[in-house]
Amino acid sequence: MDHKKLAELLFPDIDKTPEDYEKIYPERDLAEGSVVTRLAPSPTGYIHLGNLYGAMVDERLAHQGGGVCYLRIEDTDEKREVEGAVPVLLDTLSYFGIEFDEGACKAGTPGSEPVPSEEGAAQRGAYGPYWQSMRSSIYKACVKKLVAEGKAYPCFMTEEEIADIRAAQTAAKLDPGIYGQYAKHRDLTLEEVERRLAEGQEYVVRFRSEGDPSRYFKVRDAIRGEISMPENIQDVVILKKNDLPTYHFAHVVDDHFMRTDIVVRGEEWMASLPIHEQLFKAMGWEIPLYCHNTSLMKIDEATGQKRKLSKRKDPELGLSFYKELGYFPEAVREYLMTILCSDFEQWRMANPDTDYNEFNFSPDKMSDSGTLFDINKLNDVSKDVLARKSAAQIYDFMLGWAEEFDKDKYALLKENKDMLLKVFDIDRGGEKPRKDLVYAQQIFAFIKYFFDETFEYESEWPAEVSEEDRAEILRRYIEGYDPSDDNSAWFEKVRGITADLGYAVKPKDYKKNPDAYKGHVGHVSGVIRIAITGRANSPDLWTVQQIMGTEMVRKRIEKAIEA
RNA sequence: GGCCCCAUGGUCAAGAGGUUAAGACAUCGCCCUUUCACGGCGGUAACCCGGGUUCAAUUCCCGGUGGGGUCACCA
């Protein structure tokens, strides 16, 4: 069999060789210690926490050492493609603080050229194109070389034939797949190939595996250290009928010619390492450093079992979930860092105000077992993040969020800027700031009593106070209310009412001697608090009233007396 | 089923051949306090099992078990 002739027959119009591309895409000239990483999503229009998790690793690895992080679009499967996915992807990643130096970018980015296939998107950089669908001739040059060397061959088997083989293998408890004797078109003669081609038969190109499963190879992984696996024996498809490569081959070719140093990807790819190792070797290329990170898991309510988060079942996996609830992007990032990197949380405690980019990120500190997603922990991290923000930052963020997701609230926020700045400033700054703000939707619910439009009674009146006493407390309270009182003068008046009506001024007295009083000052001020805020819990009432203004205070008290 | 990865409190996790086995979240109690939040103090709670190696294994090795992943012309 003349392999060179076969290669010519299959790819008559491919005139470049891999060697030519070596020159077109030379080794990068980077400072010592800098690395090239990449994010390589398929444009399905769906971005999830796991993508962000990986993207953060790519971004940190590259940027903390002055390296390059680029974005490559893996669009070799037109079935999965979603129109407009790339600009959305870029926007979302940017929202969460991930920016790329090279590759796919937004249309209009300086130094970029438009991409015809994708509206709103463009690309830049010397190692492109960055859409795999535009790189067909590069892949084919590499396939042609493999065919010419007898390492790959055309396979004309139909889907039915393959299904039959698989069925027989499964029945016989053999490993399924096209390998060894099942690779029926491995050794077709040139004439046979010519004949089938002339008949218009379609084909794929398969790699001719010389692997021996009793032989093991070793690959280094940045997280797990050395991984040892048996050699691959499958004649995997490297070029599909649509003239584009499979993931396996595209990965090898692109990460080689784009000069990627570290391949960060999900651990689900570890199983195909034997294929990749084999392909790199066949091409005569150096294998990159892999960084297989773990999946985010959750406990399935139905089964009680730990399982990988799934985009169909778990809305909390989608990044849009956090955006819609109004989590600060920084909070999501901090949370991811704390579960991603075992030493981040300690570092953060020691450096509460330092930019997280100052943290020294190291892959060997990354988790190597599947991490259970914990919304509790996210919320806790978020509270700390928001506690560090200024009232103006909170306000601006809320406004931006409401503009996109809740127009009614947007109007309210917009009209009451001065008041809200004061609201968000309650107990902010200082040594022990309040930590009750978590995400926009929750924050709005938390402050809703500042608006008549959203005020409602959410708590029960204290059981210790009778209805008559309640009305009496409120009447006396509003009679004596003077907004110019300072906090202690104001509270003295509340104490006065408390004592007059037979309640204990000191809660301890009541606790010691419950029969001597109807209740204590906490119950009396509880009545006032519910009247003003609609709930039993709130920040310091005096402060709240100062912010609300006298008119609103009066209206609330009157409303409560009527109730 | 084959292959691979993983295994420390409920969760995230540090850790070394000999430790009272960190810390954070959650939880419980107390303190502060007119409520909440913050803060402080304290409590409950863990090395999957069985063999080996060793004076000594939770730590190293082997084997189970459990969980996860993967076996496409999808990535």
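Letters A, B, ... mirror the listed sequences (proteins, then strands); counts begin at 1.
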Considering only atom C1', compute the distance from B:rG67 to B:rC61 and round it to an integer number of Å.
-> 23 Å
For the residue pair A:Lys218 and A:Ser228, establish whether any side-chain heavy-atom pair is separated by less than 4.5 Å.
-> yes
Evaluate the criterion ring pair (Phe, Tyr, Trp, His ring centres under 6.0 Å) for residue pair A:Tyr510 and A:His523; output intermediate values, then yes/no.
-> CA-CA 11 Å; A:Tyr510 173 69; A:His523 303 129; 5.8 Å; yes
What do the steps show when you test A:Tyr182 against A:Asp175 for side chain to side chain contact (heavy atoms under 4.5 Å, CB included), and what is the final call?
-> CA-CA 11 Å; A:Tyr182 306 103; A:Asp175 283 345; over 6 Å; no
Could you work out the separation of B:rU19 and B:rU11 based on their P atoms and round it to a whole Å?
-> 26 Å
May I ask you to establish whether A:Arg556 and A:Phe455 are in a cation-pi arrangement, using a distance under 6.0 Å from NZ or CZ to the six-membered ring centre and at most 45° from the ring axis?
-> yes
Decide if atom CD of A:Glu83 counts as having more than 12 heavy atoms of other residues, nucleotides or ligands within a radius under 6.0 Å.
-> no
Side-chain N or O of A:Lys508 closer than 4.0 Å to phosphate OP1/OP2 of B:rC32 | yes
Output all residues satisfying side chain to side chain contact (heavy atoms under 4.5 Å, CB included) with A:Arg206, sequence neighbours left out; order by chain, then residue number.
-> A:Tyr153, A:Cys155, A:Ile162, A:Ile178, A:Val204, A:Asp235, A:Val237
Strand RNA chain B in bracket notation, Watson-Crick/G-U under 3.5 Å with | for pairs to another chain | (((((((..(((.....[....))).(((((.......)))))....(((((..]....))))))))))))....
Any A:Ile426 side-chain heavy atom under 4.5 Å of A:Ile547 side chain = yes
Measure from OH on A:Tyr335 to P on B:rA26 and round the result to the nearest Å.
-> 13 Å
Whole-angstrom distance between B:rG29 and B:rC38, as gauged at atom P | 15 Å
If you measure from the P atom in B:rU54 to the same atom in B:rG42, how many Å do you get, rounded?
-> 44 Å
Is A:Thr294 touching bases, backbone alone, or none of the nucleic acid, heavy atoms closer than 4.0 Å?
-> nothing
Donor-acceptor pair, side chain of A:Asn351 and main chain of A:Trp347, under 3.5 angstrom | yes
Contacts of type side chain to side chain contact (heavy atoms under 4.5 Å, CB included), residue A:Glu330, not counting sequence neighbours = A:Arg333, A:Val385, A:Arg388, A:Lys389
Going by distance alone, is a donor N or O of one side chain under 3.5 Å from an acceptor N or O of the other, for A:Ser295 and A:Glu267?
-> yes
Sequence-distant partners of A:Ala222, side chain to side chain contact (heavy atoms under 4.5 Å, CB included), two or more places apart = A:Leu289, A:Cys291, A:Pro363
Report yes if the side chains of A:Phe344 and A:Glu334 come closer than 4.5 Å at any heavy-atom pair, otherwise no.
-> yes
Set of residues satisfying side chain to side chain donor-acceptor pair (under 3.5 Å) with respect to A:Tyr327, sequence neighbours excluded | A:Asn379
Pull out every protein N or O sitting under 3.5 Å from an N or O of nucleotides 2-5 of chain B, one pair per line with the distance.
residue : atom : partner  : partner atom : Å
B:rC5   : O2'  : A:Arg224 : NH1          : 2.5

Are A:Tyr503 and A:Tyr517 close enough that their ring centres sit under 6.0 Å apart?
-> no
Give each protein N/O atom lying under 3.5 Å from an N/O atom of nucleotides 23-25 of chain B, with the pair distance.
residue : atom : partner  : partner atom : Å
B:rG23  : O2'  : A:Gln346 : NE2          : 3.3
B:rA24  : O2'  : A:Glu345 : OE2          : 2.5
B:rA24  : O2'  : A:Lys377 : NZ           : 2.5
B:rC25  : O4'  : A:Lys377 : NZ           : 3.3

Per-nt protein contacts along nucleotides 36-46 of chain B (heavy atom under 4.0 Å; B base, S backbone sugar-phosphate only, - none) come out as BBBS-------
Does A:Arg535 make a side-chain donor-acceptor contact with the base of B:rU35, cut-off 3.5 Å?
-> no
A:Ser525 side-chain N/O to B:rU35 phosphate OP1/OP2 under 4.0 Å | no
Toward the 5' end of RNA chain B, which comes first, A:Met297 or A:Gly522, by nearest nucleotide?
-> A:Gly522
Could you run through nucleotides 57-63 of chain B and give me one letter per nucleotide, 5' to 3': B if any protein heavy atom sits under 4.0 Å from the base, S if only the sugar-phosphate is that close, - if neither?
-> -------
Evaluate side chain to side chain contact (heavy atoms under 4.5 Å, CB included) for A:Trp269 paired with A:Val263, printing each intermediate quantity in order.
-> CA-CA 11 Å; A:Trp269 288 111; A:Val263 171; over 6 Å; no
Please collect all salt bridge (Lys or Arg N to Asp or Glu O under 4.0 Å) contacts where either partner lies in residues 37-51 of chain A, sequence neighbours excluded, each pair once.
-> A:Arg38-A:Asp255
Every protein N/O lying under 3.5 Å from an N/O of nucleotides 71-75 of chain B:
residue : atom : partner  : partner atom : Å
B:rA72  : OP2  : A:Arg166 : NH1          : 2.5
B:rA72  : OP2  : A:Arg166 : NH2          : 2.5
B:rC73  : O2   : A:Lys241 : N            : 3.1
B:rC73  : N3   : A:Lys241 : NZ           : 3.4
B:rC73  : N4   : A:Lys241 : NZ           : 3.0
B:rC74  : OP2  : A:Lys240 : NZ           : 2.7
B:rC74  : O2'  : A:Asp77  : OD2          : 3.1
B:rC74  : O2'  : A:Arg80  : NE           : 3.4
B:rC74  : O2   : A:Arg80  : NH1          : 2.8
B:rA75  : OP1  : A:Thr76  : OG1          : 2.6
B:rA75  : OP1  : A:Lys240 : NZ           : 2.5
B:rA75  : OP2  : A:Tyr247 : N            : 3.3
B:rA75  : O3'  : A:Glu74  : OE1          : 2.8
B:rA75  : O2'  : A:Ser42  : OG           : 3.1

Could you work out the separation of B:rG17 and B:rG69 based on their C1' atoms and round it to a whole Å?
-> 32 Å
Below 4.5 Å, heavy atoms only, C-beta onward: do A:Lys493 and A:Tyr481 meet side chain to side chain?
-> no
Determine, step by step, whether A:Phe249 and A:Tyr139 satisfy the ring pair (Phe, Tyr, Trp, His ring centres under 6.0 Å) criterion, reporting the C-alpha distance in whole Å, the side-chain angles of both residues, the deciding distance to 0.1 Å, and the verdict.
-> CA-CA 8 Å; A:Phe249 198 63; A:Tyr139 304 119; 7.0 Å; no
Partners meeting ring-ring contact (aromatic ring centres under 6.0 Å, His included) with A:His248 (sequence neighbours left out) | A:His276
For B:rG50 and B:rA57, measure between their C1' atoms and round to the nearest Å.
-> 14 Å
